[in-house]
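When a ligand or atom number is given, it counts from 1 through the structure's own listing order. Numbering starts at 1 and runs along the sequence shown.
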Amino acid sequence: MNLQQLYKVELHQHLDCSLSYEVVTAIDPTVTHEASLRDYIAPSKCTNLADFLTRAVKGFALMQTKAQLRLVVHDLFKQLAADNTLYAEIRFAPLQHLDKGLTPYEVVDAVEKATADAVKGTGIEARLILCTLRHFTEEQSLETVKLVEQFKDTYVAGFDIAGNEAGYTIDAHISAFKYAKEHNIFCTAHAGEAKGPESVWETLKHFGPSRIGHGVRSIEDEKLVAHLRTNNIHLEICPTCNVQINIYETFRDHSIDKLYRSGVSLSINTDARTITNTNLNLEYQRLEKEFGWTAADFYACNVNALKAAFIPEALKAKLLKKLHYNYKTVSNI
Ligand code: HPA
Ligand code: ZN
């Protein structure tokens, strides 16, 4: 099967962790290929999430002006086109881009305008998710979620919490998610990655997101798996990244196949194209090779991804039709 030709829906990728070598050198021509392999890509096995996240700082440093942000957005759309992406949600933490004097509003505005241009230029539909981070203060989290509200009716569509799940509690962020709920802002949250099912339960209870970033350790709790299924909580799964941060020894040990077969709504994502040195074509190839996934399985995941997307129902219906036509034509499902 030609996996590249299949349309793909990606809900979970970090803009700041997805810079190609091409854009890295466009912004900083002194970075050699060797240095980029050493500093931007993590080893295929990290000790844990905290170890993995140490690589992300390199990306932030190259995304501190409007021109740099614009270049990075267009670079990511090139990568999305190579994966034959139909729809993408792209996330970043605006407060990490203030080192050269941009205001948080200017950061979001620059990324949003570049996204609007890239959507028009490529025909790939997309939305943006603004992230707070686990180590941020309550004020920083509130500032971030208020930016989502300020950018309502633009390409900004939702709110997320990323960062080191194992290193910080959720307490400082409860009020930001409360604000999101009061303002009908779509929410997702990283959980069940560096910590177990108790972290997913806690996140669902206190943040109330419709989706969970990763959530793969939910498999360790049967009741949680049933809860996700019954309440249609969608898991944004990033298989290779999860192996890299050492949740699973090998790709074959990943819980994605079991979660999928137990009826949980889930999608296939990259998370961090640079740090993990991956793309969606590779993720699909590995799922085909290790679990025997077919076009019908990829179609089912992409349908669920679109259903869980942070977009209006009319746009979902339009994209679902395009997805169906593509899979029928390319794979005869
Ligand atoms: N978890 C938390 N924060 C992140 C991740 C992740 O997998 N990737 C980039 N930021
Ligand atoms: Zn992530």
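Residue contacts with ligand 1: N164 is excluded, as none of its non-hydrogen atoms falls under 4.0 Å. For the pair H214 and ligand 1, a heavy-atom separation below 4.0 Å is found. Distances from ligand 1 to the non-hydrogen atoms of A272 include no value under 4.0 Å.
Using a cut-off of 4.0 Å between Lys/Arg side-chain N and Asp/Glu carboxylate O, R70 and D117 are scored as salt-bridged. We find that K205 and E202 are not joined by a salt bridge, their nearest charged nitrogen and carboxylate oxygen being 4.0 Å or further apart. Between E149 and K146, none of the side-chain N atoms (NZ, or NE/NH1/NH2) sits under 4.0 Å from a carboxylate O, so this pair counts as no salt bridge.
Between F52 and ligand 1, no N or O atom pair is found at a separation short of 3.5 Å.
There is no side-chain donor-acceptor pair under 3.5 Å between E283 and T270. Side chains of T278 and R273: no donor on one and acceptor on the other come within 3.5 Å. For the 3.5 Å distance criterion, the side chains of Q13 and R91 fail to qualify, holding no donor opposite an acceptor. Side-chain contact, S20 with Q79: no donor N or O sits under 3.5 Å from an acceptor N or O.
In this structure, the protein non-hydrogen atom closest to atom 4 (C) of ligand 1 is L53 CD2, 3.5 Å. Considering only non-hydrogen protein atoms, atom 2 (C) of ligand 1 sits nearest to G163 O, 3.2 Å.
A ring-centre distance under 6.0 Å is not found for F177 and H173.
Contacts of L49 with ligand 1, taken as heavy-atom pairs under 4.0 Å, involve the side chain alone.
Remark: the backbone N or O of V156 is paired with a side-chain donor or acceptor of T154 at under 3.5 angstrom.
Distances from atom 7 (O) of ligand 1 to the heavy atoms of R134, R55, E193 show the closest one on E193.
Remark: of the listed residues E236, E165, E193, E193 is the sole one forming a side chain to side chain donor-acceptor pair (under 3.5 Å) with H214.
Excluding waters, the protein N/O/S atoms found under 2.8 Å from the Zn ion (ligand 2) are H12 NE2, H14 NE2, H190 NE2, D271 OD2.
Near D271, with a cut-off below 4.0 Å to any heavy atom, the atoms of ligand 1 are 5 (C), 6 (C), 7 (O), 8 (N), 9 (C).
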